[in-house]
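Since this is a predicted model, take the numbers as computed values, not measurements.
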Amino acid sequence: VVYYAVVANLITFLAGLQSALFSVMIPSTAVLHARGESRELGDVIVTATRYSTFLLLLAGIPLFVAARMVLSLWVGPAYAVHGARILQVLIAANIIRLSALPYVVGLIGAGQQRLVIVTPILEGVFNLLASVIAGYMFGAVGVALGTLFGSLIGIGGHLFYNMQRTSAIVFRISDYVRDGLLRPVICALPLIAYVVVLNLSNLSDGVPKYSCFAAVLITTGFLIWRWGLVGSERDKVRSWRLAPQA
(Lines give C-alpha, C1' and ligand atoms only; values in the text may rest on other atoms or scores of the structure.)
Protein backbone atom coordinates (compact mmCIF):
# COMPACT_ATOMS: atom_id res chain seq x y z
CA VAL A 1 0.00 0.00 0.00
CA VAL A 2 2.81 2.41 0.86
CA TYR A 3 4.62 1.84 -2.44
CA TYR A 4 1.41 2.34 -4.40
CA ALA A 5 0.55 5.52 -2.47
CA VAL A 6 3.95 7.06 -3.18
CA VAL A 7 3.68 6.27 -6.89
CA ALA A 8 0.13 7.63 -7.03
CA ASN A 9 1.43 11.07 -6.01
CA LEU A 10 3.46 11.29 -9.21
CA ILE A 11 0.45 10.24 -11.28
CA THR A 12 -1.68 12.87 -9.53
CA PHE A 13 0.87 15.48 -10.57
CA LEU A 14 0.73 14.32 -14.20
CA ALA A 15 -3.06 14.35 -14.24
CA GLY A 16 -3.23 17.72 -12.48
CA LEU A 17 -0.82 19.29 -14.97
CA GLN A 18 -2.85 18.02 -17.91
CA SER A 19 -6.09 19.24 -16.37
CA ALA A 20 -4.65 22.68 -15.63
CA LEU A 21 -3.45 23.09 -19.22
CA PHE A 22 -6.67 22.08 -20.96
CA SER A 23 -9.38 23.26 -18.58
CA VAL A 24 -8.84 26.75 -20.00
CA MET A 25 -10.61 25.48 -23.13
CA ILE A 26 -14.01 25.60 -21.41
CA PRO A 27 -14.79 29.31 -22.14
CA SER A 28 -13.79 29.08 -25.82
CA THR A 29 -15.70 25.84 -26.38
CA ALA A 30 -18.75 27.38 -24.67
CA VAL A 31 -18.57 30.36 -27.05
CA LEU A 32 -18.36 28.09 -30.12
CA HIS A 33 -21.30 26.08 -28.83
CA ALA A 34 -23.36 29.23 -28.19
CA ARG A 35 -22.71 30.32 -31.80
CA GLY A 36 -23.85 26.94 -33.10
CA GLU A 37 -20.44 26.25 -34.66
CA SER A 38 -20.47 22.52 -34.05
CA ARG A 39 -17.95 21.61 -36.75
CA GLU A 40 -15.52 24.31 -35.64
CA LEU A 41 -15.86 22.98 -32.10
CA GLY A 42 -15.11 19.49 -33.38
CA ASP A 43 -11.98 20.75 -35.15
CA VAL A 44 -10.83 22.39 -31.92
CA ILE A 45 -11.33 19.15 -29.99
CA VAL A 46 -9.38 17.08 -32.53
CA THR A 47 -6.48 19.57 -32.58
CA ALA A 48 -6.44 19.87 -28.78
CA THR A 49 -6.42 16.08 -28.51
CA ARG A 50 -3.34 15.94 -30.71
CA TYR A 51 -1.56 18.49 -28.54
CA SER A 52 -2.72 16.71 -25.40
CA THR A 53 -1.44 13.34 -26.58
CA PHE A 54 1.91 14.86 -27.53
CA LEU A 55 2.24 16.38 -24.04
CA LEU A 56 1.26 13.13 -22.34
CA LEU A 57 3.85 11.20 -24.31
CA LEU A 58 6.46 13.90 -23.78
CA ALA A 59 5.92 13.79 -20.02
CA GLY A 60 5.14 10.10 -19.66
CA ILE A 61 7.84 8.37 -21.71
CA PRO A 62 10.84 9.96 -19.92
CA LEU A 63 9.18 9.24 -16.56
CA PHE A 64 8.55 5.66 -17.71
CA VAL A 65 12.22 5.22 -18.67
CA ALA A 66 13.58 6.87 -15.53
CA ALA A 67 10.98 5.45 -13.11
CA ARG A 68 13.48 3.74 -10.86
CA MET A 69 15.90 6.66 -10.88
CA VAL A 70 13.17 9.21 -10.12
CA LEU A 71 11.84 7.15 -7.21
CA SER A 72 15.37 6.57 -5.89
CA LEU A 73 16.11 10.28 -5.86
CA TRP A 74 12.74 11.14 -4.35
CA VAL A 75 12.01 8.48 -1.73
CA GLY A 76 15.00 6.16 -1.75
CA PRO A 77 16.15 2.94 -3.46
CA ALA A 78 13.86 0.63 -1.43
CA TYR A 79 10.77 2.36 -2.79
CA ALA A 80 12.28 2.39 -6.27
CA VAL A 81 12.74 -1.38 -6.32
CA HIS A 82 9.13 -2.06 -5.37
CA GLY A 83 7.44 0.94 -6.97
CA ALA A 84 9.05 1.35 -10.40
CA ARG A 85 6.92 -1.27 -12.14
CA ILE A 86 3.74 0.08 -10.53
CA LEU A 87 4.64 3.57 -11.71
CA GLN A 88 5.24 2.37 -15.27
CA VAL A 89 1.86 0.62 -15.47
CA LEU A 90 0.06 3.66 -14.05
CA ILE A 91 1.83 5.97 -16.52
CA ALA A 92 0.58 3.84 -19.44
CA ALA A 93 -2.93 3.76 -17.96
CA ASN A 94 -3.13 7.51 -17.47
CA ILE A 95 -1.72 8.35 -20.89
CA ILE A 96 -4.63 6.36 -22.32
CA ARG A 97 -7.37 7.79 -20.11
CA LEU A 98 -6.12 11.41 -20.13
CA SER A 99 -5.92 11.46 -23.93
CA ALA A 100 -9.70 11.99 -23.88
CA LEU A 101 -9.47 15.05 -21.60
CA PRO A 102 -9.95 17.67 -24.39
CA TYR A 103 -13.08 15.86 -25.53
CA VAL A 104 -14.42 15.84 -21.95
CA VAL A 105 -13.62 19.55 -21.60
CA GLY A 106 -15.47 20.18 -24.87
CA LEU A 107 -18.48 18.33 -23.51
CA ILE A 108 -18.52 20.57 -20.45
CA GLY A 109 -18.26 23.68 -22.62
CA ALA A 110 -21.14 22.43 -24.77
CA GLY A 111 -23.20 21.46 -21.73
CA GLN A 112 -23.50 17.82 -22.83
CA GLN A 113 -21.61 16.13 -20.02
CA ARG A 114 -24.91 14.69 -18.76
CA LEU A 115 -25.08 12.49 -21.87
CA VAL A 116 -21.93 10.54 -21.07
CA ILE A 117 -22.40 9.47 -17.45
CA VAL A 118 -22.57 5.76 -18.41
CA THR A 119 -18.93 5.60 -19.51
CA PRO A 120 -17.29 6.89 -16.30
CA ILE A 121 -19.55 4.60 -14.26
CA LEU A 122 -18.53 1.59 -16.35
CA GLU A 123 -14.88 2.61 -16.19
CA GLY A 124 -15.06 2.87 -12.42
CA VAL A 125 -16.84 -0.46 -12.00
CA PHE A 126 -14.49 -2.39 -14.28
CA ASN A 127 -11.49 -0.61 -12.76
CA LEU A 128 -12.56 -1.71 -9.28
CA LEU A 129 -13.33 -5.29 -10.27
CA ALA A 130 -10.11 -5.71 -12.26
CA SER A 131 -8.07 -4.12 -9.47
CA VAL A 132 -9.53 -6.45 -6.84
CA ILE A 133 -8.98 -9.58 -8.94
CA ALA A 134 -5.53 -8.62 -10.27
CA GLY A 135 -4.52 -7.26 -6.86
CA TYR A 136 -5.38 -10.60 -5.27
CA MET A 137 -3.33 -12.40 -7.93
CA PHE A 138 -0.34 -10.08 -8.39
CA GLY A 139 -0.31 -7.67 -5.48
CA ALA A 140 0.04 -3.90 -5.81
CA VAL A 141 1.04 -4.05 -9.47
CA GLY A 142 -2.23 -5.89 -10.10
CA VAL A 143 -4.14 -2.87 -8.78
CA ALA A 144 -2.26 -0.76 -11.31
CA LEU A 145 -3.19 -3.24 -14.03
CA GLY A 146 -6.81 -2.77 -13.00
CA THR A 147 -6.42 0.95 -13.64
CA LEU A 148 -4.95 0.17 -17.06
CA PHE A 149 -7.93 -2.07 -17.87
CA GLY A 150 -10.34 0.62 -16.69
CA SER A 151 -8.66 3.23 -18.89
CA LEU A 152 -9.21 1.00 -21.94
CA ILE A 153 -12.88 0.71 -21.03
CA GLY A 154 -13.10 4.49 -20.68
CA ILE A 155 -11.49 5.39 -24.00
CA GLY A 156 -13.50 2.65 -25.71
CA GLY A 157 -16.70 4.06 -24.26
CA HIS A 158 -15.88 7.50 -25.65
CA LEU A 159 -15.09 6.17 -29.12
CA PHE A 160 -17.93 3.68 -29.53
CA TYR A 161 -20.70 5.22 -27.44
CA ASN A 162 -20.28 8.83 -26.32
CA MET A 163 -19.05 10.39 -29.54
CA GLN A 164 -22.09 9.12 -31.39
CA ARG A 165 -24.46 10.73 -28.86
CA THR A 166 -22.92 14.18 -28.36
CA SER A 167 -24.31 16.01 -31.38
CA ALA A 168 -23.10 19.45 -30.26
CA ILE A 169 -19.53 18.46 -31.18
CA VAL A 170 -19.28 17.39 -34.80
CA PHE A 171 -16.27 15.47 -36.11
CA ARG A 172 -15.64 12.13 -37.73
CA ILE A 173 -14.43 9.55 -35.25
CA SER A 174 -11.91 8.34 -37.82
CA ASP A 175 -10.43 11.88 -37.96
CA TYR A 176 -10.31 12.00 -34.17
CA VAL A 177 -8.45 8.68 -33.98
CA ARG A 178 -6.13 9.41 -36.90
CA ASP A 179 -5.27 13.05 -36.24
CA GLY A 180 -5.83 13.32 -32.50
CA LEU A 181 -4.37 10.02 -31.31
CA LEU A 182 -2.42 8.18 -34.01
CA ARG A 183 -0.34 11.12 -35.24
CA PRO A 184 1.37 11.63 -31.85
CA VAL A 185 1.70 7.89 -31.23
CA ILE A 186 3.33 7.32 -34.63
CA CYS A 187 5.77 10.14 -33.94
CA ALA A 188 6.61 8.58 -30.57
CA LEU A 189 7.07 5.04 -31.95
CA PRO A 190 10.90 5.29 -32.06
CA LEU A 191 10.94 6.33 -28.40
CA ILE A 192 8.45 3.62 -27.47
CA ALA A 193 10.52 1.00 -29.31
CA TYR A 194 13.67 2.26 -27.57
CA VAL A 195 11.96 1.94 -24.18
CA VAL A 196 10.83 -1.62 -24.96
CA VAL A 197 14.29 -2.69 -26.13
CA LEU A 198 15.87 -1.00 -23.12
CA ASN A 199 13.62 -2.94 -20.75
CA LEU A 200 13.97 -6.29 -22.51
CA SER A 201 17.74 -6.12 -23.03
CA ASN A 202 20.19 -5.22 -20.33
CA LEU A 203 21.90 -2.58 -22.42
CA SER A 204 24.58 -1.08 -20.20
CA ASP A 205 25.58 2.56 -20.14
CA GLY A 206 28.02 3.54 -22.80
CA VAL A 207 28.45 4.74 -26.36
CA PRO A 208 25.96 2.28 -27.98
CA LYS A 209 23.19 3.20 -25.58
CA TYR A 210 23.58 6.95 -26.00
CA SER A 211 24.16 6.69 -29.74
CA CYS A 212 20.89 4.79 -30.11
CA PHE A 213 19.14 7.38 -27.96
CA ALA A 214 20.47 10.23 -30.10
CA ALA A 215 19.31 8.46 -33.28
CA VAL A 216 15.89 7.89 -31.73
CA LEU A 217 15.55 11.58 -30.82
CA ILE A 218 16.51 12.69 -34.33
CA THR A 219 14.02 10.25 -35.88
CA THR A 220 11.29 11.37 -33.49
CA GLY A 221 11.96 15.02 -34.30
CA PHE A 222 11.74 14.30 -38.02
CA LEU A 223 8.44 12.45 -37.59
CA ILE A 224 6.98 15.29 -35.52
CA TRP A 225 7.95 17.79 -38.21
CA ARG A 226 6.66 15.73 -41.14
CA TRP A 227 3.66 13.99 -39.60
CA GLY A 228 2.92 15.42 -36.17
CA LEU A 229 2.46 19.00 -37.37
CA VAL A 230 0.02 20.12 -40.04
CA GLY A 231 1.01 22.48 -42.84
CA SER A 232 -0.13 25.70 -41.15
CA GLU A 233 1.76 24.78 -37.97
CA ARG A 234 4.96 24.14 -39.92
CA ASP A 235 4.52 27.53 -41.61
CA LYS A 236 4.22 29.19 -38.19
CA VAL A 237 7.42 27.51 -37.01
CA ARG A 238 9.22 28.69 -40.14
CA SER A 239 7.95 32.23 -39.64
CA TRP A 240 9.19 32.26 -36.04
CA ARG A 241 12.59 30.97 -37.15
CA LEU A 242 12.88 33.48 -40.00
CA ALA A 243 11.52 36.45 -38.06
CA PRO A 244 14.10 39.24 -37.63
CA GLN A 245 15.66 39.38 -34.19
CA ALA A 246 15.22 42.55 -32.16
Can you give me the closest heavy-atom contact between [X] and [Y], atom names plus distance?
X: Ser131; Y: Val143; value: OG-O, 3.3 Å
X: Pro27; Y: Val24; value: CD-O, 3.2 Å
X: Ile173; Y: Gln164; value: CD1-CG, 4.1 Å
X: Gly154; Y: Glu123; value: CA-OE1, 3.6 Å
X: Pro190; Y: Cys187; value: CD-O, 3.4 Å
X: Ser99; Y: Ile155; value: OG-CD1, 3.7 Å

Euclidean distance, [Y] [atom2] relative to [X] [atom1], rounded to 0.5 Å:
X: Ile96; Y: Leu148; atom1: CD1; atom2: CG; value: 5.0 Å
X: Ile91; Y: Leu14; atom1: CD1; atom2: CG; value: 7.5 Å
X: Leu56; Y: Leu101; atom1: CG; atom2: CG; value: 8.5 Å
X: Thr220; Y: Ile186; atom1: OG1; atom2: CD1; value: 12.5 Å
X: Arg172; Y: Arg178; atom1: CZ; atom2: CZ; value: 6.5 Å
X: Leu223; Y: Leu189; atom1: CG; atom2: CG; value: 8.0 Å

Test item: [X] and [Y] side chains (from C-beta on) under 4.5 Å apart, heavy atoms:
X: Ile153; Y: Asn127; value: no
X: Thr53; Y: Arg183; value: no
X: Leu129; Y: Phe149; value: no

Is [X] reaching over with its side chain to a backbone N or O of [Y], donor-acceptor style, under 3.5 angstrom?
X: Asn94; Y: Leu90; value: yes
X: Arg50; Y: Gly228; value: yes
X: Gln88; Y: Phe64; value: yes
X: Arg85; Y: Val141; value: no

Could you walk me through whether Val7 and Tyr79 pass the side chain to side chain contact (heavy atoms under 4.5 Å, CB included) check? CA-CA 9 Å; Val7 166; Tyr79 284 88; over 6 Å; no
Within one Ile-Leu-Val-Met-Phe-Trp-Tyr cluster: [X] and [Y], side-chain cutoff 4.5 Å:
X: Trp74; Y: Met69; result: no
X: Ile121; Y: Phe160; result: no
X: Ile218; Y: Leu57; result: no
X: Leu55; Y: Ile26; result: yes
X: Ile95; Y: Leu152; result: yes

With under 30° as parallel and over 60° as perpendicular, where do the rings of His158 and Tyr103 fit, or are they tilted in between?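 Ring orientation, 0 to 90° scale: perpendicular.
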Do the rings of Tyr3 and His82 sit parallel, tilted or perpendicular, given the 30° and 60° boundaries?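 Ring orientation, 0 to 90° scale: parallel.
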Going by atom type alone, with no hydrogens or angles, which donor-acceptor pairs under 3.5 Å involve a side-chain atom of residues 32-47 and a protein atom two or more places apart or on another chain?
| from | atom 1 | to | atom 2 | distance (Å) |
| --- | --- | --- | --- | --- |
| His33 | NE2 | Ala110 | O | 3.2 |
| Ser38 | OG | Ala168 | O | 3.4 |
| Thr47 | OG1 | Asp43 | O | 3.0 |

What do you reckon, is CZ of Phe54 surrounded by more than 12 foreign heavy atoms closer than 6.0 Å?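 Result for CZ/Phe54: enclosed.
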Taking atom CZ of Arg97 as the centre, report whether more than 12 heavy atoms of other residues, nucleotides or ligands fall under 6.0 Å from it.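 It does not: Arg97 CZ has 12 such atoms or fewer within range.
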Is there any side-chain hydrogen bond (donor to acceptor under 3.5 Å, both in side chains) pair reaching into residues 9-29, and which pairs are they, with sequence neighbours excluded?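 For residues 9-29, and leaving out neighbouring residues, the side-chain hydrogen bond (donor to acceptor under 3.5 Å, both in side chains) pairs sorted by first residue read Gln18-Ser52.
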Run the side chain to side chain contact (heavy atoms under 4.5 Å, CB included) test on Val104 and Phe22 for me, step by step, so that the C-alpha distance in whole Å, both residues' side-chain angles and the decisive distance to 0.1 Å come before the verdict. CA-CA 10 Å; Val104 174; Phe22 288 94; over 6 Å; no
May I have the step-by-step check of side chain to side chain contact (heavy atoms under 4.5 Å, CB included) for Leu63 and Val70, ending in yes or no? CA-CA 8 Å; Leu63 187 58; Val70 170; 4.0 Å; yes
Could you walk me through whether Leu71 and Leu10 satisfy the side chain to side chain contact (heavy atoms under 4.5 Å, CB included) test, starting with their C-alpha distance in whole Å, then the side-chain angles of each, then the deciding distance to 0.1 Å, before giving a yes or no? CA-CA 10 Å; Leu71 290 173; Leu10 287 174; 3.9 Å; yes
